Amino acid sequence: AMHLLLPLCVLWLLPLAWTLEEDSPLDCVPRRSFPYHRDNAHLFHEEGVFNYSTMLLREDLDLLLLGAREAVYALDLKDISKKLASVKWEVTQQQKNECKNKGKDLETECKNYIRILHQTEDNRMYVCGTNAFDPECHFIFHTEYIDLTLEKKGEDGKGKCPFDPFHRYASIMVENNLYTATSINFLGSEPVLMRSSPISIRTEFKSSWLNEPNFVSMTQMPEGYMSEEGDDDKVYLFFSETAVESYKRVAYGVFLCSQGDLGGQRTLQKKWTSFLKARMDCPVLESQLPYIIQDTYRFCDPQQDWRDCLFYAIFTPQSDKSDLSAVCAYRVSDISRVFAEGKYKTPVPVETSFVKWVMYSGDVPVPRPGACIDNAARKANITKTLDLPDRTLQFIKDRPLMDQAIQPIGNKPLLVRRGARFTRIIVNQVQAADGEKYRVMFIGTEEGTMLKAVNYDGEMFIIEEVHLFQTPEPIKILTFSNLTGQIYAGSDYGAAQIPLATCGRSLSCMDCVLARDPYCGWDKDVRKCVFLSNSPRGLIQSVKKGDASLCPEADPVKPMNRSIWPRGNLKLRCPSPSNLSKTSWERDGSPVMASTRLQLLQDGLLILNATDSDTGRYRCLSVELSKAGRYTATVADYQVSVAPAGSGDGSGILPKARMDGPSVAGLQAIVGLLVVSLLGLLAWNFYKGHLPLPWNCTKKKNEEQTQETREQGGLDAYQDAARSAPAEDKPLVSGANNGRSNNHTGREESDGPKVSLPSLQYIDDESEV
Ligand SMILES: *[C@@H]1O[C@H](CO)[C@@H](O)[C@H](O)[C@H]1NC(C)=O
Ligand SMILES: *[C@@H]1O[C@H](CO)[C@@H](O)[C@H](O)[C@H]1NC(C)=O
Ligand SMILES: *[C@@H]1O[C@H](CO)[C@@H](O)[C@H](O)[C@H]1NC(C)=O
Ligand SMILES: *[C@@H]1O[C@H](CO)[C@@H](O)[C@H](O)[C@H]1NC(C)=O
Ligand SMILES: *[C@@H]1O[C@H](CO)[C@@H](O)[C@H](O)[C@H]1NC(C)=O
Ligand SMILES: *[C@@H]1O[C@H](CO)[C@@H](O)[C@H](O)[C@H]1NC(C)=O
């Protein structure tokens, strides 16, 4: 039936073809995209040092600790381009040689990559590095004078820090207990999730527990705090691995009782008695294989219970063919319900060597396998995991897998985007001018860009995309400081610091409102787009609808004079203010129609082989659609007149060689080809069940698609012409100080602590430690 329907539907859809392609939510475009500019962010980079991928916030000291290859830096939290101290941690020549003899690469693998950086309860820092495939950990001191000092005597880092710098790992420090997920052997074949504490606990080495895992992140949840059931705090671990039940790689969440798990008495001695895992689903329309988890961010509203905390997780496809990335969010209460009440999976042998994992429907022992010791267990005289009966322990040892998968909120992603893959995410909540709280996602990508996106009642909206680094380097770490209101990003090349919003980039009220950035609003009195909490006055903002009708009349655009010569060419510039808007031109009040002599380019109008009739008043209008309406703004205004003879300064006049326009026949061929390929695409999409699409995503609406295609046809031929045309290069940010003045630190910028020059020293005497 599908095949019969197909031609019918294609015919029916034909008039809609262009609109549908434009509306595809898998192609959600950022409203604005900012190329690299040194004012986009404060940057830190030290000559010859790479791999800035570990961070520790020390808001108590106004410091950002940054771990790189063979070095740890203490940077000013308010401006990370200021280095306050540093300490080198290099591998010795002997270690290098040993590493090389084991077959590892001297220049890359046989170096020391800082992987773990945590604060201990006595305010020291604990740092681990790969140390030329021989992981080691040290304490770092920070003295009154902001020196960083590495304790000379190291500790064995096996099981805490990966051997291989290219392996992913996860770790957290809770009350001086270090939880780590990594590989414990040189070959990287023995994965382990362990707690290093007076009584160390780790995972059973069994493929049903961990099977070629790729560890992603770890978080603590204070579920024991004032718990009525006498529950324990939890540690959540996220990773992907090859599923024992399907042999596909899937995402998993693991849940552990953090403090109280001391292992079993006979069974599971010094092993977790609470290791339970469940699959995490993030259904993205296109995929055959499950998507792979890449990062998570725990978001808790301080005014709400832990049960309402959310995990935001990034997913990317397994195959290189797809370039989609998605964000799914999970409610902690949904996660804990699966673990606390869900069914288990159990292995059943089907053939001699094969096992199949199916739902376990037999009796479940009491206390429930994998559950923490709670008041009910205590009543039964089980006060610690060592008291747990063998039946419970044997059950969890054999069946650590839940049958049910954890589903995201709304059973679908919050955001899907085609393009550079997502790598890291953080989420910040802001109360907008309408009094509602919005959760803004900041997403790092493989190309070193930062996306800022919000899901407004199911509508995906990417406010902007900012290029943080000059070269496209993957974002390897993201951190947010609530104290400074700044986001810190690390890549192989360096670290960058950006504010939550740079409202000053919007120069008009309409742009400020249509940006739908919950941090920014238009201040009528100062006529500026300002950071919300910086302004005591009521601001114009409409994040859900983008209603710009509240804006006062915009300042008229100053007309500019341009002159042309007969038979000369002229380009009138008009950069589109937004990727969701469409620009159009009018001359003396009537619309300019594209022709072979009048080319409508993306960033302007090109007049070729001019005649006297081309003179007049040209206005470039931009039309942007939002939910509330259609808003037109004048972007540019030109008075074009014929140049007085002999006065040509050459500006705006292009070489004659560029004057040949593409033939109309050529254009028709291009349009024809496009239509055919689009039909093919549409049919394929339909066949694959990709239409209709369940999500909304604000898109550029375009009624004049066919015309645009013609313009595009002409565009290629004139790209060079456009490039050589004069262009006013404006800085992206109107002042170098913009970033900082727009943050929401509510604190006076005070002079930093008095800093003496950093010095590097080792403490030889252990008694000082
Ligand atoms: C629109 O998107 C393109 C590609 O991402 C980008 O190069 C361009 O700068 C964007 N335009 C605006 C106004 O942000
Ligand atoms: C470290 O940075 C270098 C230079 O950018 C890069 O080629 C290399 O892959 C990075 N190594 C790791 C382990 O990330
Ligand atoms: C718990 O232990 C106490 C003292 O050892 C004993 O009196 C009581 O009967 C036990 N309760 C149960 C339910 O086993
Ligand atoms: C972050 O800081 C703001 C004030 O600056 C405060 O209201 C909020 O509770 C803080 N959030 C957290 C999670 O500490
Ligand atoms: C443009 O030309 C008009 C008359 O030719 C003149 O009055 C006006 O000042 C000029 N504007 C600018 C910005 O040069
Ligand atoms: C430019 O226009 C004139 C008539 O206005 C025409 O004779 C000439 O062929 C045109 N040149 C080109 C290259 O199209």
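This one's a predicted model, so the numbers in the text were calculated from it and none came from an experiment. Counting starts at 1 for both ligands and their atoms, in listed order.
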Taking all non-hydrogen atoms of both residues, which atom of His167 and which atom of Gly188 are closest, and how far apart? CE1-CA, 3.9 Å

List below, pair by pair, the N or O atoms of ligand 2 and of the protein that are less than 3.5 Å apart, including the distance to 0.1 Å; reply 'none' if no pair qualifies.
from: ligand 2; atom 1: 2 (O); to: Asn51; atom 2: OD1; distance (Å): 3.2
from: ligand 2; atom 1: 2 (O); to: Asn51; atom 2: ND2; distance (Å): 2.5
from: ligand 2; atom 1: 11 (N); to: Asn51; atom 2: ND2; distance (Å): 2.8
from: ligand 2; atom 1: 14 (O); to: Asn51; atom 2: ND2; distance (Å): 3.2
from: ligand 2; atom 1: 14 (O); to: Lys476; atom 2: NZ; distance (Å): 3.3

Between Cys137 and Cys161, is the SG-SG gap less than 2.5 Å? no

Between ligand 6 and Asn609, is the shortest N or O to N or O distance under 3.5 Å? yes

Applied to residues 100-117, the salt bridge (charged side-chain N to carboxylate O under 4.0 Å, His left out) test, sequence neighbours excluded, yields Glu107-Lys111

Is a salt bridge present between Arg617 and Asp588, judged by a nitrogen-to-oxygen distance below 4.0 Å? no

Do Leu63 and Leu75 have side chains that approach each other closer than 4.5 Å (heavy atoms only, starting at C-beta)? no

Quick test of your reading of the model: are Asp295 and Lys476 salt-bridged, counting only N-O distances below 4.0 Å? no

